[in-house]
Every structure is written in C-alpha cells, then in structure tokens.
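Remember, it's 1-based here, ligands and their atoms both numbered in the order they're listed. Because the structure is predicted, anything quoted here is derived from the model rather than measured.
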Amino acid sequence: MQHFSLLSLIKAGLTDQSHWQRQWRSPGPKSVYDVVIVGGGAHGLATAYYLAAKHGISNVAVLEKGWLGGGNTGRNTTIIRSNYLFDESARLYEHALKLWENLSASLNYNVMYSPRGVLMLAHNIHDVQVFKRHVHSNRLNGIDNEWLTPEQCKVFCPPLNVGGAMRYPILGGALQRRGGTARHDAVAWGYARGADSRGVDIIENCEVTGIRRGNSGAVEAVETSRGIIHAKKIGIVAAGNTSVVAGMAGLRLPLESFPLQALVSEPVKPIFPCVVMSNTIHAYISQSDKGELVIGAGTDAYTSYSQRGGLHIANHTLDAICELVPMFRRLRMLRNWGGVVDVTPDRSPIVAKTPIPGLYINCGWGTGGFKATPGSGDVFAWTIAKDEPHPINAPFTIERFRDGFLIDEAAAVAVAH
Ligand code: FAD
Ligand code: PYC
C-alpha cells in the first residue's frame, strides 16, 4: 500500500482545500479586459459565468482579494426562499429561485439545492398579520406560500415546541415549500468552473486598491496588489466592502456594513427536516448534510468590518432556539464565525449602472443575498453587457434613495434583521 504525506497530497491537488484551486487557471492579468469584476464571491462569479454563457463576453477577469467564496458566500446559512412582500423583490427572488431549481444541471456541478421548505414562525399578533399579508401577496405573484396553524407547524417540523409557557409562543407560521438550502461553497465553485471553462480569468489574492478614470470620467483600469489591470467596464460585487471600493472611483453609496454571525453544532443524525426562521427572535435553524445544526444569529448593533459578531448576540439566539426546540439544550456548539454585510436604508439591494460611465454595482444584499445568487448574477451580467438594466433589476437603482421609490423590505420584515 502506498502512503502519502499531507504535503504531497496538497502538491498533487488532492486535499479538500486544493481541490477547487486546481480546477481553473489563475493566470497573470492580461493587459486589457472587456470587463473586470471586483469580488470573487458567488455573485461576482455568477456574473462572470452569465456574461460568458449568455452574452458571449468572455474577455473577463474576476479579481478576488482572498480566495473564492471566502467572503459572505462561504459564511452564510444558505437559506433560499422568494417570499418577499413587494412585487419588485418577489420578481427578483423568484427569478433566482427558478434558476436554483435547475442550477446543478445547468452548471453540471452539484450545488446540493435542497427544497426542504422554509417555515417562518409567528410569535405575536403583529407577526401573524405580517406573514398572512405575505402569504396573500406572494400568491398574487404566483409564488407558493401558505399559512400553518401551530399544530400544522408541529406536523411539518416535529421537534418544535408548540405548547407550554414560552417567552416566544408559536402562533403559526408561513411555509414556502419550494424554499430550502444549498451548499454555499459548491455554488462558488460551480460558477467558477463554468466561467473558467468559457475563458474567464479568475485571479485570487488580487486586491483592488484603486480605480482609474480617464478624462471623460469613464473607468479605465483598476490598481491592484498585482499591478494595474485595464478594463473597459468594471463591476463591483464586493459585499461588505462595496463603499470602500466604490469610493476608489469617487462614488458615495448609501450603505452601512455590519457583522452578522452564524454557528454550527456538533453533528447529529437527521433530526430537523426543514428550515425554520424566527424573525422576532432573530434565529434560523436547518441541519446540514453533515449533520450539524446550522444556526444564524442577528446582526451586531454597531457598524464594523470585523468578520465576527458579539458573543451576547449568539447567546440570545441560542437561548431562543433552546426554547423553540428544547432537545437542542443537550447539543454542544462546534464553531461560530461572522461575515460583513452591507445594508441599504430600505434593505433592498442595488444592482445597477452608476453615474460613472463603465462602472456598475451589485451590493446592499445585506443579510439575504445568498438566495439571490443566480438571479443576481444573471441580471447583473445583462446590465453590464447591454449597459442598461434587465427589467427585473430596473427598480433596484441608486437613484431610488434620491427619488423616494424605495422597496422597503425592512418595514415588510422579509428577513429578520
Ligand atoms: P461575498 O461572498 O462576500 O463576495 C465578495 C467578495 O469581494 C469577497 O470574497 C471579498 O474578499 C471580495 N473583495 C472585497 N473587497 C475587495 C477588493 N478590494 N478587491 C478584491 N476583492 C474584494 N443570505 C441568504 O440569502 N440566506 C441566508 O441564510 C444568509 N445567511 C447569512 C448568514 C451570515 C452569517 C452572513 C454573513 C450572511 C448571510 N446571508 C444570507 C447573506 C449572504 O451571505 C450574502 O448576501 C451573499 O453571500 C453575498 O454574496 P457576494 O458574492 O455578493 O459576497
Ligand atoms: O435571508 O433568509 C434570509 C436569511 C436567513 C438568515 C440570514 N438571512
């Protein structure tokens, strides 16, 4: 029998970490690209993929300061759903959900999309009214969503505690059966592989440090830790850091950045059949295929670029989850981590051209952009390729904050933060 050292496995590209790194070329930058995408998260990679696959634009570079999917893409709790209140959001997230349904086949890469149902729990009269309003609004938009009584919640998710004296009693829930989860890093890898095979250059460890504009004001190049790279068009998809990168071109954005954290428990046998969200107590639970309970907590109260959240926020979430599912008291937590999300005043994203010729931005997904990945990449690629928005992202402009056409999902509580 042959024995291999870890080093030899890494050199041969056979460890888990190097598995994805060896799948594409990481060439030196070319002198000029048609499009440079700043940010190698799943949104940036999906954008590059659709530019090549749908618009025939493959002279594209994706520049990532770290490793692919190492930002929020690889840090989120992977909840996928399209049960947003307003028509504009419903169209955007439903477009994404439809793409999720065939994504593994389209990419020929298993992203482990699992439509196991997302159940949003109501704990007070306000929740009940808001979620019932969502159910009606979603149905008018052709999106599945249904109201469950506490007893029906218990049938759908048996570990839930629907009786007893609780601080947060379960008064019912809104269930989107087509919602679910996917494997986050596989999404980044699948899009990266698809983009690479169509000729896109993916350049890791390449931080963008400046954006150069010509006399006309149009973008011309990015300055990076690996030198200057010329580009006719630049798309910024740098969640959490968008204001910093856009500021390099002289563009101010209505964004704030907050830490958001998640935790996983030790792995256990399958016990939790669906995704449960509780907006009121800022807790989300699902079980990964490895058996870990994946638990999302709330955002920190203060702005920060730190990729870790306050311990008291995690403690609050665990308190609440142990009330919702008392058997979880016996579990140990394995690890926690944080990401940095950028949020707009109305908690809806900006996916748009900017006033600077050749500069496009995709940001402001806040705590909820993973679910949007395929739809976001698709409509952003359209916007860059045609220099005009796709009808689905047309409302998601920067100008809406000046003109007052907000898409106020913050007030609509489509997500808990
Ligand atoms: P990222 O994956 O963060 O990619 C941006 C990339 O840009 C990063 O890799 C970063 O390194 C790179 N970058 C930044 N600056 C530069 C630079 N100067 N030069 C080069 N590269 C740069 N959403 C959901 O829909 N469902 C959920 O359940 C969910 N849970 C979440 C839980 C947590 C704990 C967190 C943190 C987020 C959660 N989200 C969720 C939100 C979701 O993760 C994000 O909206 C989504 O992943 C954003 O994807 P992205 O590709 O835009 O960003
Ligand atoms: O958008 O569904 C969501 C979500 C859950 C946890 C964080 N975001």
Contacts satisfying salt bridge (charged side-chain N to carboxylate O under 4.0 Å, His left out) that involve residues 314-323 (not counting sequence neighbours) are Arg167-Glu323
- Query: Is there a salt bridge (charged side-chain N to carboxylate O under 4.0 Å, His left out) between Asp346 and Arg400 once you walk through the steps?
  - Reply: CA-CA 10 Å; Asp346 63 1; Arg400 74 178 188 270; 2.8 Å; yes
Numbered in order shown, the ligand 2 atoms found under 4.0 Å of a heavy atom of Thr367 are 1 (O), 4 (C), 7 (C), 8 (N)
From the list Val62, Thr373, Ile37, side-chain contact (heavy atoms from CB on, under 4.5 Å) partner of Leu45 resolves to Val62
Review point. Do any nitrogen or oxygen atoms of Tyr284 come within less than 3.5 Å of a nitrogen or oxygen of ligand 2?
Key: no
Partner of Ser82 under side-chain hydrogen bond (donor to acceptor under 3.5 Å, both in side chains), picked from Gln176, Lys371, Lys98, is Gln176
Near Ile79 (heavy-atom distance under 4.0 Å), the atoms of ligand 2 are 2 (O), 5 (C)
Can you check whether Pro169's main-chain N or O pairs, donor with acceptor, with His123's side chain at less than 3.5 Å?
yes
| message | Checking the N or O distance criterion of under 3.5 Å, is ligand 2 in contact with Arg81? | response | yes
Within 4.0 Å of some non-hydrogen atom of Lys371, the atoms of ligand 2 are 1 (O), 2 (O), 3 (C)
The ring-ring contact (aromatic ring centres under 6.0 Å, His included) partners of Phe328 (sequence neighbours excluded) come to Phe272
Note: ligand 2 atoms sitting under 4.0 Å from heavy atoms of Thr77 are 6 (C)
Practice problem: Name the orientation class of the two ring planes belonging to Phe370 and Trp100 (parallel below 30°, tilted from 30 to 60°, perpendicular beyond 60°). | Solution: tilted
Show every donor-acceptor pair shorter than 3.5 Å between a side-chain atom in residues 238-253 and any protein atom, with sequence neighbours excluded, or say none if there are none.
unit_1, atom_1, unit_2, atom_2, d
Thr242, OG1, Ala238, O, 3.3
Thr242, OG1, Asp342, OD2, 2.5

A student checking ligand 2 against Gly368 at a 4.0 Å heavy-atom cut-off should list atoms 1 (O)
*asked:* So that I know where these two stand, are Tyr191 and Tyr50 an aromatic pair - ring centroids less than 6.0 Å apart?
replied: yes
N/O to N/O under 3.5 Å, ligand 1 against protein:
unit_1, atom_1, unit_2, atom_2, d
ligand 1, 2 (O), Asn72, N, 3.3
ligand 1, 2 (O), Thr73, N, 2.8
ligand 1, 2 (O), Thr73, OG1, 2.6
ligand 1, 3 (O), Asn72, N, 2.8
ligand 1, 9 (O), Glu64, OE1, 2.7
ligand 1, 9 (O), Glu64, OE2, 3.2
ligand 1, 11 (O), Glu64, OE2, 2.7
ligand 1, 18 (N), Val208, O, 3.0
ligand 1, 19 (N), Val208, N, 2.9
ligand 1, 21 (N), Lys65, N, 3.1
ligand 1, 23 (N), Thr367, O, 3.2
ligand 1, 23 (N), Gly369, N, 3.3
ligand 1, 23 (N), Phe370, N, 3.1
ligand 1, 25 (O), Ile79, O, 3.3
ligand 1, 25 (O), Gly368, O, 3.1
ligand 1, 25 (O), Phe370, N, 3.0
ligand 1, 25 (O), Lys371, N, 2.8
ligand 1, 25 (O), Lys371, NZ, 3.1
ligand 1, 26 (N), Ile79, N, 3.4
ligand 1, 26 (N), Ile79, O, 3.0
ligand 1, 28 (O), Thr77, OG1, 2.7
ligand 1, 28 (O), Thr78, N, 3.3
ligand 1, 28 (O), Ile79, N, 2.9
ligand 1, 30 (N), Thr77, N, 3.2
ligand 1, 30 (N), Thr77, OG1, 3.0
ligand 1, 39 (N), Thr367, O, 3.1
ligand 1, 43 (O), Asn72, O, 3.2
ligand 1, 45 (O), Gly369, N, 2.9
ligand 1, 47 (O), Thr73, N, 3.4
ligand 1, 51 (O), Ala42, N, 3.2
ligand 1, 51 (O), His43, N, 3.0
ligand 1, 51 (O), Thr73, OG1, 3.4

